[in-house]
Amino acid sequence: MLLALAGIAAQAQTKVNIRGNAPKGIKSVFIIKNMDGSGGSDSVKVKRGKWKYEKTLPADVHTLYIAPFESLKQDNKKGVVTIMADSIPTEIDLIEGTVKGSKASVTISTIFQEMMSAMKSNNRTDALKLLRNATMGNLDSMFPIIFVPMIHEALSLKDLQKIFYTGAPYENHPSMQKAKEHLAKLQKEQQDMASSQAPRAIGKMFTDIAMNDTTGQQRRLSEWCGKGRYVLVDFWASWCGPCRAEMPNVSKCYEKYHEKGLDIVAISFDMNKEAWLRAIRTMNMPWVHLSDLAGWDSLGAKTYNIRGIPANILLDKEGKIIAIDLRGDELGETLAEILGE
C-alpha cells in the first residue's frame, strides 16, 4: 500500500506551514516526502519540546510522513502521523499522534491508523470501506489521488461520477488516468444496458429462469420476483474473492431490510457443489440460493449477460429492474431510500 502512494507530477508548488510538539527527550523530527520517500526527506530540530517546518515543496510531493527521529530508529509507530502536503497551516502533536489542519490532513492521519488495524485483522471489507469513505469526503482537495488509483475497480459508477465532477482539482492528474478509463468503461456498459434489448436494462421486467436450489429441487425466479416484495438477484461464486469480500455487506443489508420487504435470490456460478454449499454455511447467507453448477456457462450468466461478478439486479415489487450492480455503501443507501432506515 505504501509503495502505491508515490507522488506523481502536478502543476504547482506548495508552501507548507507546520508546527508541532514532541515527546520529552526528542531532539529532531524526521519528515519523509511522499509515503514511499520518492520526494526525499528533511529533518528539523526540536527546541524546548517545539518544532516547525516551513518550506515550499515541489509539485510532486502530496503527502508528508512525520515522526520523531527516535521512533524511526526503534520502529515505534506511536506519535507518527501522515498528512497532506497542502498550504493550510497545520499543528501536529507527536505525543498523542493528533493533527489539526485541513480536512484532508486530519482524514489521512486518522485513516492510516484505522488502516493499520484493518490490515492486522485482514479485514478487506473494512479497509475498502475506510478508503472509499475517506475519498468521497474529500473531493474538494487532491486527496483522491492517494487512494482512488488503489480502489477504483471496487468503486461504483455512481461514486466515480461524483469523483470526476467538472472542475475537480485532480481531474487531469496522471495518477487518475486508469480510474477515468474505468469510469468510461462503466458508462459505456450503462449505455448498452439502456438499450431495450439489454437483459438488465433499467425499467425492464425480470426474465424468469429455472435452476436447482441447495437441495436439488428445481425453482424459478418467478416464485419470488414480482410477488409484492423487493428482490435483489445476486450473481456470485464461492471462488470469487471480490464476491466473498462483499458478502458481509450483503448479509448486513439482508438482516436490516428483510422484515421490511427485501428478499435475496443468489445465483451462483460455481461448478463444485460442496464448495458452493460450504461457502453458504460459513459466510452467513440465509437467503435463497440457486445454481446449475455450470460456471460461466450458467443459465443465469447467459440470460442476464453477466460478464463479471459480483453483479446484481434490484427488482421492485412488480418485478421491474430499478438498479444494477449495487455494492458497498451504495447498496445500503439505495435500500434505505426505498425501504426506510
Side-chain angles (χ1 to χ4, degrees), residues 1-14 34-36 38-39 57-63 82 84-86 102-105 107-108 111-112 115 124-125 127-195 198 200-202 240-243 245-246 249 305-312 323-331 333-334:
M1 180 183 70
L2 300 183
L3 291 176
L5 300 180
I8 304 175
Q11 296 179 349
Q13 293 180 318
T14 305
N34 291 325
M35 290 301 299
D36 65 343
S38 60
L57 299 175
D60 58 357
V61 173
H62 299 293
T63 60
T82 302
M84 294 294 292
D86 55 38
S102 68
K103 182 177 67 172
S105 282
T107 300
I108 198 171
I111 209 70
F112 270 100
M115 274 293 296
R124 183 182 182 277
T125 301
L128 179 59
K129 185 175 181 179
L130 283 170
L131 300 187
R132 183 260 182 190
N133 290 346
T135 298
M136 301 308 291
N138 289 277
L139 299 182
D140 57 348
S141 70
M142 293 298 287
F143 189 98
I145 71 168
I146 306 300
F147 294 129
V148 169
M150 299 162 57
I151 65 172
H152 68 270
E153 291 186 349
L155 295 173
S156 68
L157 171 61
K158 185 176 179 181
D159 280 346
L160 287 168
Q161 288 173 329
K162 289 181 179 178
I163 289 169
F164 288 105
Y165 65 89
T166 302
Y170 45 78
E171 183 177 10
N172 296 316
H173 195 280
S175 69
M176 302 292 275
Q177 184 58 36
K178 288 187 177 180
K180 291 177 72 173
E181 292 172 0
H182 188 60
L183 169 60
K185 175 186 174 184
L186 295 181
Q187 288 175 325
K188 184 179 184 304
E189 290 176 355
Q190 185 184 59
Q191 291 172 357
D192 293 342
M193 286 294 177
S195 165
R200 292 200 297 156
I202 303 298
C240 168
C243 300
E246 175 66 10
N249 180 56
N305 194 26
I306 304 298
R307 300 176 181 176
I309 51 177
N312 57 52
I324 65 171
D325 295 340
L326 299 170
R327 296 191 201 175
D329 289 347
E330 191 175 8
L331 175 58
E333 291 166 1
T334 301

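Remember, it's a predicted structure, so these values are computed and weren't measured experimentally.
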Next item on the list: Could you grab the distance from atom CD1 of I108 to atom CG of D86, nearest 0.5 Å is fine?
Entry: 10.0 Å

Notebook entry, point to check: Can you find a heavy atom in the side chain of Q187 that is under 4.5 Å from one in the side chain of L157?
Noted result: yes

For residues 144-151, please give each side-chain donor-acceptor pair under 3.5 Å, one per line with the distance, not counting sequence neighbours.
none

Check: Is M176 close to H173 at the side-chain level, that is, under 4.5 Å between some pair of heavy atoms?
Finding: yes

Next item on the list: For the pair K129 and D329, evaluate side-chain contact (heavy atoms from CB on, under 4.5 Å) and give the outcome as yes or no after the intermediate values.
Entry: CA-CA 8 Å; K129 185 175 181 179; D329 289 347; 3.4 Å; yes

Notebook entry, point to check: What distance do T334 atom OG1 and R327 atom CZ have between them, rounded to the nearest 0.5 Å?
Noted result: 13.5 Å

Check: Is a side-chain donor or acceptor of E246 paired with a backbone partner of P310 at a separation under 3.5 angstrom?
Finding: no

Next item on the list: Over all heavy atoms of both residues, which pair between F164 and L183 is shortest? Give the atoms and the distance, please.
Entry: CD1-CD2, 3.8 Å

Checklist line | side-chain hydrogen bond (donor to acceptor under 3.5 Å, both in side chains) contacts in which one or both residues fall within residues 139-157, not counting sequence neighbours | finding: S156-E330

Checklist line | Expected output: side-chain D325 to main-chain N312 donor-acceptor under 3.5 Å | finding: yes

Next item on the list: May I ask you to test the H62-T14 pair for a side-chain heavy-atom distance under 4.5 Å?
Entry: no

Notebook entry, point to check: Is there a side-chain contact (heavy atoms from CB on, under 4.5 Å) between N138 and M84 once you walk through the steps?
Noted result: CA-CA 11 Å; N138 289 277; M84 294 294 292; over 6 Å; no

Next item on the list: Can you tell me which residue pairs pass the side-chain hydrogen bond (donor to acceptor under 3.5 Å, both in side chains) test with a partner in residues 160-172, sequence neighbours excluded?
Entry: N172-K180

Item checked: K103 side chain reached by T107 side chain, heavy atoms, under 4.5 Å -> yes

Check: Where the side chain of D159 meets the backbone of L155, is there a donor-acceptor pair that is under 3.5 Å apart?
Finding: no

Notebook entry, point to check: Passes side-chain contact (heavy atoms from CB on, under 4.5 Å), I306 versus R200? Steps please.
Noted result: CA-CA 9 Å; I306 304 298; R200 292 200 297 156; 3.7 Å; yes

